[in-house]
Peer 1: 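Have a look at this one before I ask anything.
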Amino acid sequence: MTPPVRSVYTQGDAPSADLPSLQVLAPSRGRDGRSLPVAASSVMASARGQSYATTNAAPGSFSSQLRPATSHDGRLRPDFDTHAIIVGNDSSVTTEQRQADLQDQIEKETKIKIGSENLLEALNAKNAKNTKDQRSQVEDQLNISNRKIAQLRLGLAAEIQRAKDIKSPPADAQSRLSYLFRRNLSRSPSRHVAKKEDEKEDEETESPTFVLAEILQALEASGLQPEYYLERANSLVDLFKRHPTLKFDLAWSIFGLRMQTMLMSDSREVVAAAYRVMRYSFTDRKSLQIIRGLHTDYLVILSLVKESKASVEREQALKFVRAFLDVKGGVEEISRAVIRIIVAVAEHTDDRLRNIAILTLTEVLVKKPLLLVSAGGMGTLTDALGEGNYHAAESVGSSFLYLLETPRQRKFLRSGQELESPFAMFTDTSASQGHMHEEKLKANAKVIASLLRSWSGLLALSTSNFLAIRSLLMSMEIPVPHVRNILLELLFDILRIKPPSWSSSFLAGRRLTTYGRVTNLKNPSDKDPSSASTDDKTNKWNLLEHYVSAVLAVFLQAGLVPALLKAEEEPLTLPLKRKTTLLLGEVLKMANELLPPSWSASLQVLPQLLQSAAKFHTEDRFVAIGTIYQVDSVNRTLYRSGPTTVNTSKTSTANATTVASRQTDPSKVQAAMQMDETQFRNMMVDTQVLNTVSFQKWRWDLILNMIEGPLLNAKRLDEAMKATKFVHRLLGFYRPFKFRFSEVKNTKPNQRYVRAGCALIHTLLQNTEGVRYLSDSKFIRQLAECLSHFDRMSGLTSESPMFQVERMNETLTSGYFALLGALTKDTKGIHILERWRVLNMFYHIIELNDRDDLIRTLLSNMDYTLDGHLRIIISKAMTSCSKDIRIFSTRLLRKYATKAMQSTESTGVAEWAIRLLVTQLYDPEVEVCEVAIKILEEACNQKDSLEFVVKCRPALDHLGEIGAPLLLRFLSTSVGYHYLDGLDYITREMDDWFLGRNDTYVALIEASMARALADIPEKPQQQSSYDDTPENPEYGIVPPHFYRELTRTKEGCKLLRQKGHFDEFAATIRDFATENDDAETILKVKGCLWAVGNVGSMDLGAPFLEGSDVVKWIVQIAETSEVMSLRGTAFYVLGLISRSLHGQEILLEYGWDGVVNEFGDSLGFCLPFDFQRLFSMAPWAAKSEPMSWNRKAGVKVAITDPDPINARILKLTTDLGNTVLAKKAANDLQAIKAKKATGFTKPSMFHKVMQILEAHHFRLPACRFVLDLFDKRVLPQIVLEEEEQEADEADESSESSSGSSSGSGSESGSESDSMDARPTSADGVPDVP
């Protein structure tokens, strides 16, 4: 525990011992010990006396006010209220009484605070010299009040939380009385918190069915104000939210009638509220059918066709329809008539609901494409995809890609060219001006990029000899700067090129020859020399790069390089020319890394430019020569700055060691150490350390150079320590009690002070005199004293300790731990810490329960390379601290566990870290175990580390799926194989993978690839920078596969051959290679493909590939399968097979070429020699049979009527869908309406008009116009089913009678649910009696 810090209260503020236990919960009310100025004390006293005067009542009697009573002698005594009676010697206090008591004290402290503020304001207004002391005293009182208010509020919050647990009246008399009277607890408005808690308790104990009955009964009233119904409807929604199961017990006869009444209201808000309530009442498909029986289809249509001023009603109506999609099978209950109206809304460009309508149509397209196609929504979605106005067009593109997946779904895309609509705006030269055009182009560029991030999109856009891609590249010739700029950005995005760090300066016009520093840029492949340098490359296979290689090949085939060279020759602006040059250099670099030599060899010489440069009789050759020079310069700079496109480049492995050796050039350090005395003194003077004590004026760059250079020379260090005050002043700057370093703000630029301090300590530790000087300095002594304030054993306390939370966050105080960490890197530094008992304090600091931040900072800055106390301290933190600290300290071991094993010592740092991590596998918290598993899995990339982990014999059965990846890694060595075989793990896991885990693996790897291609930016890490967490999870990497790990050893191959699983996989691929419909079979084939690919990727897997013709079938799937994702899977699997030398030889036989680096190692990328074979797709024809609705027959029935005027109305309604006849038809309908035709008052006619609106495509204004013609009384007759009476009274034909009676049933317009419940004949025409 933390040692008791000296209290901030004076003696008089401490709680008195003779006060009752009632007052121990919060700071005391007595303030007699405060030394206020005379004026202040008089003001306070008078204010307190007026505000808190109470009547003196006898103990135990009921007090009229909930105020603390004061006895005659002026001391506070316990107050007893009406809500709790203390019986006998029982001094327990109820939670309500404690809340009231805390509220009282908060009120008192608030008034004292206000008084102090007023007094301080008055004192500030005076300029008298003697007010300074008074001001400081009042400020102290104000700070004390603020602290006490904060403490009291925390106590009150805890009491309120405790009160929530009380569900029923307690058993004892005192508590029961308190419980019964809790509603009258507070008379003061300041106690609203308690009231809210009571309300919450009431809500928890309410009877939901009783409340529901009350609300429904209240809604029965008619003729009241809309606010009345809105309030009840909102209460009903809140009830459904609080009790989600209540909607399963609804009495639909009553509930439906109330909702119908509200939906027929004249108030738009009431109608909207009804839609909202019904939305929350959905449970399953049956409930949707019951709701549709209330004629909601007609009501929704009438709401959606209203003008935009009825926005609330229209929005809720559309949300009501969207709620159908959230119910399982709910899309089957959406009628085509409703979809027709939503299509009309989506086509209306000025409608504010347009975006949500398009989104709804997109979801319908995925869930039931037949419904959307029959309602004419495909054209609307195609327009939304390519017009550039709809901001979520990528989601529309995703729905089209979903349909492209299988031939059965593909037929719904009538033209097959829907995906090409975003390309149209790039090739349209007529409207290439203006800001709006640029914004639309950017939106379309995003859509194109998203389409090219999936196999379905890439294959669909590569049909017709890459027509769409070629049109995009040809639009580079359009002489409009923003068009070309967006195209170049699009190509950077599609090819996933991350511009190098120097690209912004290059694009701004600086010459590449100024980038001498590029040669020293940090190479991503470089690591700490002591860390693992021989990672097992077979553990990080990047499928994303394989996909990018295919995309690059497509663009090169479509003419990317000629298009870029033409753009180079005709630059519109200089920045565009430079951007084109940079892209060209990146493309050539990628082609060299990702494509087979047969592809990249001819590209690298840029034949088109060389031909132009060789034409000496033309002026164009100068442009060509300049371009060649620029591209060559960019290429050389890209090469020097390391791999920017891929992780496994052909050259990065070759020059990794040379670059690493270049980085730390010892010659410069040696030269600096050899500096002569004159130079050294001049440099020391230049630092300004000797001239001034103000550290802001010191030149810290020179100081750092001196520390890391000349001061490493013993003679120069001795001179700096003894002959000058240089080292003395530097160390003095870091002394805690000088409050210089510790008061500097914690900002990024100020971290240089921390770096300089660490370098100084490192330099001093290299010299015996430096060690003695450091050991005797006040710096370490004062730092130890600051740490002792948090050591409960030291007995030292401080009112404002150095390492308090505010200081640690806001100043460089936390940097002291970095300085201590610099000491722990050397044995001499550790001896200094032991001398001043600092390590003892560390033991006690990690036991603090309330200072996780301090423990984190301490643990993260120490160095655990040396064996000693620090290793014991971190192991103690990993086992005995809080969960967060255990996770944090486990992560800190990552950089030690992943270092190379030390064969000479048995207790190397890697071995120590691995042993500790194995211990963490038995932590009671699963999160801790998961972190340890991930680090151990990373450590197992080295064979030595893997064998050492196996030697530790960790038991992972209790972790289940979390431990599976680590156990899989054990299989890759013979030692691990025998260990797992002894546990009977291998046979069980093998059967598990064969029977089902293969299919799960497919879902895992496809999700990883989708996430990698989606290019979603990672959320910023909330943890501090010193938390050594592993990098963000890498997506697109091949996950560990059981059969791959099994094939790494001869024993595993023998078992695989005995079990015969590989032959089973090959047989499944052979039998179902042409499957294109059954989803379960396709998933099975994908699982078998991944299993075969993982086995074939290992050198020991070659005999399995030799013994079967499975590669031939995989190649056939990759080139001819009609299932897009299956093609992609086969393409990736061929890349895995090409990773083994034998696999490459087999692929060559089938016409596929692999990529190797300069050492002959395979990189896992392969492409067919005949590239068109990979993208050959049989064109499909849209089949209209399943989409037919027999609508001609249906409409023929709808537009017939024995009454000639009614027949005329129906004919004119049909003509409204014709743009040529629409105006005349509207005028004629208006004329008929003016003559008060009876057709507009008959429900039967309304049904027929609705059937026509469902059958044809109408604009939204036309729908609104024709429905507004009908009398207002028609809808209530239909909804309330009063049309039967009207049908009996009217003298109509049998067809009309049939039409009117149909309204009482379901009025769905989809092909599965006909317009009404009438029986239909075989040809789909409703039977007419």
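Quick caveat, the model's predicted, so the values are computed rather than measured.
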Peer 1: Check whether any side-chain N or O of R886 sits under 3.5 Å from a backbone N or O of C881 as a donor-acceptor pair, and report yes or no.
Peer 2: yes
Peer 1: Do side-chain atoms of Q782 reach the backbone of F737 as a donor and acceptor pair under 3.5 angstrom?
Peer 2: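 Yes; judged by distance alone, with no hydrogens or angles, the pair exists.
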Peer 1: Kindly compute the distance separating CG (L730) from CZ (F695), expressed to the nearest 0.5 Å.
Peer 2: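 Rounded to the nearest 0.5 Å, the CG-CZ separation comes out at 12.5 Å.
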Peer 1: Given side chains that start at C-beta, do those of L839 and L870 come closer than 4.5 Å, heavy atoms only?
Peer 2: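 Sidechains of L870 and L839: in contact.
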Peer 1: For a quick test of reading the model, state the closest non-hydrogen atom pair linking A759 to L704 and the distance between them.
Peer 2: CB-CD1, 3.9 Å
Peer 1: If I compare all heavy atoms of D852 with all of S882, which pair ends up nearest, and what's the gap?
Peer 2: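 Looking at all heavy atoms of both residues, the shortest contact is OD2-OG, 3.3 Å.
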Peer 1: Quick one: sort the Y816 and F779 rings into parallel, tilted or perpendicular, breaks at 30° and 60°.
Peer 2: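 Rings of Y816 and F779: tilted, 30 to 60°.
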Peer 1: Decide whether N691 and Q688 meet the rule of one side-chain donor and one side-chain acceptor closer than 3.5 Å.
Peer 2: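 Yes, a side-chain donor-acceptor pair sits under 3.5 Å.
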Peer 1: Using distance alone, with no hydrogens and no angle criterion, decide if D863 and T865 have a side-chain donor and acceptor under 3.5 Å apart.
Peer 2: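 Present: a donor and an acceptor within the cut-off.
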Peer 1: Does Q920 reach the side chain of I933, with side-chain heavy atoms less than 4.5 Å apart?
Peer 2: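 No, side chains not in contact.
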Peer 1: Are any side-chain N or O atoms of T811 and backbone N or O atoms of S742, one a donor and one an acceptor, separated by less than 3.5 Å?
Peer 2: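 The answer is yes, because a donor-acceptor pair under 3.5 Å joins these two groups.
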Peer 1: Report yes if some heavy atom in the side chain of I497 is under 4.5 Å from a heavy atom in the side chain of L582; otherwise report no.
Peer 2: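 The answer is no, as the side chains (C-beta and beyond) never meet within the 4.5 Å cut-off.
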Peer 1: Just verifying a value: how many Å separate D923 CG and I887 CD1, rounded to the nearest 0.5 Å?
Peer 2: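 So the gap between those two atoms works out to 8.5 Å.
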Peer 1: D776: which residues meet the side chain to side chain contact (heavy atoms under 4.5 Å, CB included) condition with it, sequence neighbours left out?
Peer 2: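 So D776 forms a side chain to side chain contact (heavy atoms under 4.5 Å, CB included) with R772, R835.
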Peer 1: Any heavy-atom pair between the side chains of L936 and V918 that's under 4.5 Å?
Peer 2: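 Sidechains of L936 and V918: in contact.
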Peer 1: With side-chain contact (heavy atoms from CB on, under 4.5 Å) as the test, would you mind laying out the steps for T898 and N941 before giving the verdict?
Peer 2: CA-CA 8 Å; T898 53; N941 286 339; over 6 Å; no
Peer 1: Can you find a heavy atom in the side chain of D791 that is under 4.5 Å from one in the side chain of L796?
Peer 2: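 Not in contact.
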Peer 1: Tell me every residue that passes side-chain hydrogen bond (donor to acceptor under 3.5 Å, both in side chains) with E930, counting only those two or more places apart in sequence or in another chain.
Peer 2: none
Peer 1: Yes or no on side-chain contact (heavy atoms from CB on, under 4.5 Å) for F680 and M706, after CA distance, side-chain angles and deciding distance?
Peer 2: CA-CA 8 Å; F680 176 67; M706 280 195 66; 3.2 Å; yes
Peer 1: Look up atom CG in L917 and atom CD1 in I935, then write down how far apart they are to the nearest 0.5 Å.
Peer 2: 5.5 Å
Peer 1: I need the minimum non-hydrogen distance between A818 and C758, along with the two atoms involved.
Peer 2: O-SG, 3.6 Å
Peer 1: Just by distance, do the side chain of T857 and the backbone of S814 share a donor-acceptor pair under 3.5 Å?
Peer 2: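 A pair under 3.5 Å: no.
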Peer 1: Apply salt bridge (charged side-chain N to carboxylate O under 4.0 Å, His left out) to residues E947 and K951 and explain how you reach the verdict.
Peer 2: CA-CA 6 Å; E947 290 180 353; K951 196 189 295 183; over 6 Å; no
Peer 1: If I compare all heavy atoms of P736 with all of M802, which pair ends up nearest, and what's the gap?
Peer 2: O-CE, 3.5 Å
Peer 1: Do side-chain atoms of W912 reach the backbone of Y864 as a donor and acceptor pair under 3.5 angstrom?
Peer 2: no
Peer 1: Output yes when a side-chain donor or acceptor of S794 lies under 3.5 Å from a complementary backbone atom of F790, and no otherwise.
Peer 2: no
Peer 1: Would you compute the distance between atom OG of S800 and atom NE2 of H789 and round it to the nearest 0.5 angstrom?
Peer 2: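 Between S800 OG and H789 NE2, I get 9.0 Å after rounding to 0.5 Å.
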Peer 1: Between R681 and E677, is there a side-chain N and carboxylate O pair less than 4.0 Å apart?
Peer 2: yes
Peer 1: Below 30° counts as parallel, above 60° as perpendicular, anything between as tilted: where do the rings of F733 and W698 land?
Peer 2: perpendicular
Peer 1: Is it true that T747 and N750 share a donor-acceptor pair across their side chains at a distance under 3.5 Å?
Peer 2: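 Indeed, the side chains of N750 and T747 share at least one donor-acceptor pair under 3.5 Å.
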Peer 1: Any side-chain to backbone donor/acceptor pair from D718 onto A714? Under 3.5 Å, distance only.
Peer 2: no
Peer 1: Checking R856 against F888: charged group under 6.0 Å from the ring centre and within 45 degrees of the axis?
Peer 2: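 Judged by the rule (NZ or CZ under 6.0 Å from the ring centre, within 45° of its axis), R856 counts as positioned above F888.
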Peer 1: For the backbone of E806 and the side chain of N809, can you confirm whether one donor and one acceptor N or O come within less than 3.5 Å of each other?
Peer 2: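 Flag not set: sc N809 to bb E806 has no pair under 3.5 Å.
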Peer 1: For residues S788 and M841, report the shortest heavy-atom separation together with the two atoms involved.
Peer 2: N-SD, 3.7 Å
Peer 1: Is there a donor in the side chain of S694 and an acceptor in the side chain of T692, or the other way round, less than 3.5 Å apart?
Peer 2: no
Peer 1: Does any pair with a residue in residues 729-754 pass salt bridge (Lys or Arg N to Asp or Glu O under 4.0 Å), and if so which ones, sequence neighbours excluded?
Peer 2: E743-R807
Peer 1: Determine whether the side chains of N840 and E834 contain a donor N or O and an acceptor N or O closer than 3.5 Å.
Peer 2: no
Peer 1: Before you tell me yes or no, could you show the steps for H728 and M721 under side-chain contact (heavy atoms from CB on, under 4.5 Å), namely the whole-Å CA-CA distance, both residues' side-chain angles and the distance that decides it to 0.1 Å?
Peer 2: CA-CA 7 Å; H728 175 76; M721 285 191 302; over 6 Å; no
Peer 1: Is the shortest side-chain heavy-atom distance between K825 and L765 below 4.5 Å?
Peer 2: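 No, their side chains stay 4.5 Å or more apart.
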Peer 1: Side-chain contact, heavy-atom cut-off 4.5 Å: M808 with L854?
Peer 2: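 Sidechains of L854 and M808: in contact.
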Peer 1: Rounded to the nearest 0.5 Å, what's the gap from OG on S945 to CZ on R969? Could you check?
Peer 2: 10.5 Å
Peer 1: Okay, side chain of Y753, backbone of F741: is any donor-acceptor separation there less than 3.5 Å?
Peer 2: no
Peer 1: Under the criterion salt bridge (charged side-chain N to carboxylate O under 4.0 Å, His left out), I'd like the reasoning laid out for E719 against R716: C-alpha separation, chi angles, the key distance, then a yes or no.
Peer 2: CA-CA 5 Å; E719 183 182 348; R716 300 282 168 252; 3.6 Å; yes
Peer 1: Using side-chain heavy atoms (C-beta onward) and a distance below 4.5 Å, is K876 in contact with I846?
Peer 2: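 Yes, side chains in contact.
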Peer 1: Does the pair T687 and F726 meet the rule for a side-chain contact (heavy atoms from CB on, under 4.5 Å), with working shown?
Peer 2: CA-CA 9 Å; T687 61; F726 185 79; 3.5 Å; yes
Peer 1: Which value, rounded to the nearest 0.5 Å, describes the distance between N746 atom CG and E810 atom CD?
Peer 2: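 Here the rounded value is 9.5 Å.
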Peer 1: Please determine which of L858, I761, N861, L833 meets the side-chain contact (heavy atoms from CB on, under 4.5 Å) test together with L820.
Peer 2: L833
Peer 1: So which of D826, L764, L774 actually passes side-chain contact (heavy atoms from CB on, under 4.5 Å) with I832?
Peer 2: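 Exactly one candidate clears the test, L774.
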Peer 1: Between T724 (side chain) and A720 (backbone), is there a donor-acceptor pair under 3.5 Å?
Peer 2: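 Pair found, side chain donor or acceptor close to backbone of A720.
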Peer 1: Minimum heavy-atom separation for L966 and C940, please, with both atom names.
Peer 2: CD1-SG, 3.9 Å
